[in-house]
Amino acid sequence: MFGSTPPPQSETTPFHPRSPYAASKCAAHWYTVNYREAYGLFACNGILFNHESPRRGENFVTRKITRAVGRIKIGLQSKLFLGNLQASRDWGFAGDYVEAMWMMLQQEKPDDYVVATEESHTVEEFLEVAFGNVGLNWKDHVVIDKRYFRPAEVDNLKGDSSKARKVLGWKPKVGFENLVKMMVDEDIELAKREKVLVDAGYMDAQQQP
């Protein structure tokens, strides 16, 4: 059961890391603040919400989905195993976020900024757009596997990037649907190259990423 949707997270939202990875990022944030305040270093924290691209690692759910879409469309895979489809995330294009990082470093004074699209979409929505881009119904291919449910799942994440928009003049250029399409298109081409190897006998068709 899901509780009420929390407000978007800003620079003043208290940290509450829910994984070892998140805890390490929290520590890095305070290291940066400490060195900036203690030694006057020009050091900024970018609190970046989920930034995606065709280069995203295949163990992240977005790329796992788009890789599967490519392989399913080309005939190298039939099923995709996932966990919580109702988890909601603020997904943006990594290229836009790198631009925000650069902008932070062009300011006269160092500061901390949240970088986010201020939109939140569920994993199910991502599936709908990704499979829809190639004319497939995700429900025909997705299998829910309890092994992929996280013990301390964060149901909803959405950022408040109003400070970055006001101070830096930054805003995202690539929207959610275009981002998903970009990733799917790249992974279709990757799957085509894989199929060449399969057809030549250099790769097992059932071998999944």
Side-chain angles (χ1 to χ4, degrees), residues 19 21-22 25 46-102 114-145 148-150 153-159 161 164 170-198 203 205-209:
S19 70
Y21 173 60
K25 290 170 68 175
I47 304 171
L48 311 180
F49 278 68
N50 302 58
H51 38 296
E52 315 293 326
S53 83
R55 296 172 180 265
R56 187 59 140 155
E58 296 177 16
N59 56 320
F60 290 88
V61 68
T62 49
R63 186 78 196 291
K64 182 177 180 179
I65 290 171
T66 59
R67 282 286 279 129
V69 168
R71 289 172 58 84
I72 290 169
K73 183 64 177 178
I74 301 302
L76 298 175
Q77 188 172 327
S78 61
K79 297 297 180 182
L80 168 62
F81 297 89
L82 294 174
N84 180 15
L85 302 190
Q86 298 310 310
S88 182
R89 296 290 182 266
D90 188 330
W91 282 303
F93 174 49
D96 288 340
Y97 285 44
V98 171
E99 181 182 35
M101 296 180 211
W102 180 83
V114 166
V115 181
T117 69
E118 301 188 352
E119 294 182 9
S120 191
H121 299 272
T122 63
V123 174
E124 183 174 325
E125 288 178 86
F126 198 103
L127 286 168
E128 289 175 352
V129 176
F131 278 87
N133 265 290
V134 296
L136 295 175
N137 185 340
W138 68 268
K139 294 180 181 178
D140 295 332
H141 303 281
V142 174
V143 177
I144 303 302
D145 190 330
Y148 294 109
F149 280 78
R150 293 179 177 178
E153 179 69 271
V154 179
D155 296 334
N156 302 288
L157 286 176
K158 183 163 67 172
S161 57
W170 175 86
K171 64 179 181 180
K173 298 183 177 70
V174 178
F176 175 70
E177 293 193 0
N178 286 337
L179 170 62
V180 179
K181 184 179 187 303
M182 176 197 306
M183 295 177 68
V184 168
D185 288 347
E186 288 284 339
D187 280 330
I188 287 285
E189 294 305 311
L190 178 55
K192 288 178 180 178
R193 294 194 293 273
E194 284 183 334
K195 191 172 189 307
V196 171
L197 297 176
V198 170
M203 182 177 175
Q206 298 304 312
Q207 179 183 329
Q208 297 185 17

Practice problem: Just say parallel, tilted or perpendicular for the rings of W91 and F126, cut-offs at 30° and 60°. | Solution: perpendicular
Practice problem: Among E52, M183, E186, find the one that has a side-chain contact (heavy atoms from CB on, under 4.5 Å) with R63. | Solution: M183
Quiz item: To the nearest 0.5 Å, how far apart are CD1 in I188 and CD1 in I72?
Solution: 10.0 Å
Practice problem: Test side-chain contact (heavy atoms from CB on, under 4.5 Å) on L85 and T122 and set out the steps. | Solution: CA-CA 7 Å; L85 302 190; T122 63; over 6 Å; no
Self-check item: Donor-acceptor under 3.5 Å (H51 side chain, F49 main chain)
Solution: yes
Self-check item: Main-chain N/O of L157 paired with S120 side-chain donor or acceptor, under 3.5 Å
Solution: yes
Practice problem: Return each pair, listed once, that meets salt bridge (charged side-chain N to carboxylate O under 4.0 Å, His left out) where at least one residue sits in residues 125-137; pairs must be two or more places apart or across chains. | Solution: none
Quiz prompt | Side-chain donor/acceptor of N84 to backbone N/O of F149, under 3.5 Å | solution = no
Quiz item: D96 and W170: which non-hydrogen atoms are nearest, and at how many Å?
Solution: O-NE1, 2.9 Å
Quiz item: Nearest heavy-atom pair of K79 and V143: which atoms, and what distance?
Solution: CD-CG2, 4.1 Å
Quiz prompt | Pair W138-E124, side-chain contact (heavy atoms from CB on, under 4.5 Å): steps then yes or no | solution = CA-CA 9 Å; W138 68 268; E124 183 174 325; 3.6 Å; yes
Self-check item: Criterion side-chain contact (heavy atoms from CB on, under 4.5 Å) on V129 and F176, from CA distance to verdict
Solution: CA-CA 9 Å; V129 176; F176 175 70; 3.9 Å; yes
Quiz item: Can you check whether G159's main-chain N or O pairs, donor with acceptor, with D90's side chain at less than 3.5 Å?
Solution: yes
Quiz item: Would a distance-only check, ignoring hydrogens and angles, find a side-chain to backbone donor-acceptor pair under 3.5 Å from S88 to N156?
Solution: no
Quiz item: Looking at CG of N50 and CZ of F93, how far apart are the two atoms once the value is rounded to the nearest 0.5 Å?
Solution: 15.0 Å
Exercise. May I ask you to decide whether R71 forms a salt bridge with D187, counting only side-chain N to carboxylate O separations under 4.0 Å?
Key: no
Quiz prompt | Atom pair OH (Y97) and CE (M101), whose distance is rounded to the nearest 0.5 Å | solution = 10.0 Å
Quiz item: Has the side chain of H141 got a donor or acceptor atom that lies under 3.5 Å from a matching backbone atom of S78?
Solution: yes
Quiz prompt | Donor-acceptor contact below 3.5 Å, side chain K181 vs main chain A130 | solution = no
Quiz item: Can you name the closest pair of heavy atoms from S161 and A116 and give their distance?
Solution: OG-O, 3.0 Å
Quiz item: NZ of K192 to CG of L76: how many Å apart, nearest 0.5 Å?
Solution: 12.0 Å
Quiz item: What is the distance from atom CG of L80 to atom CD1 of I144, rounded to the nearest 0.5 Å?
Solution: 9.0 Å
Quiz item: Heavy atoms, side chains only, cut-off 4.5 Å: are D185 and N133 in contact?
Solution: no
Self-check item: Between CG on residue L190 and CD on residue E58, distance to nearest 0.5 Å
Solution: 7.0 Å
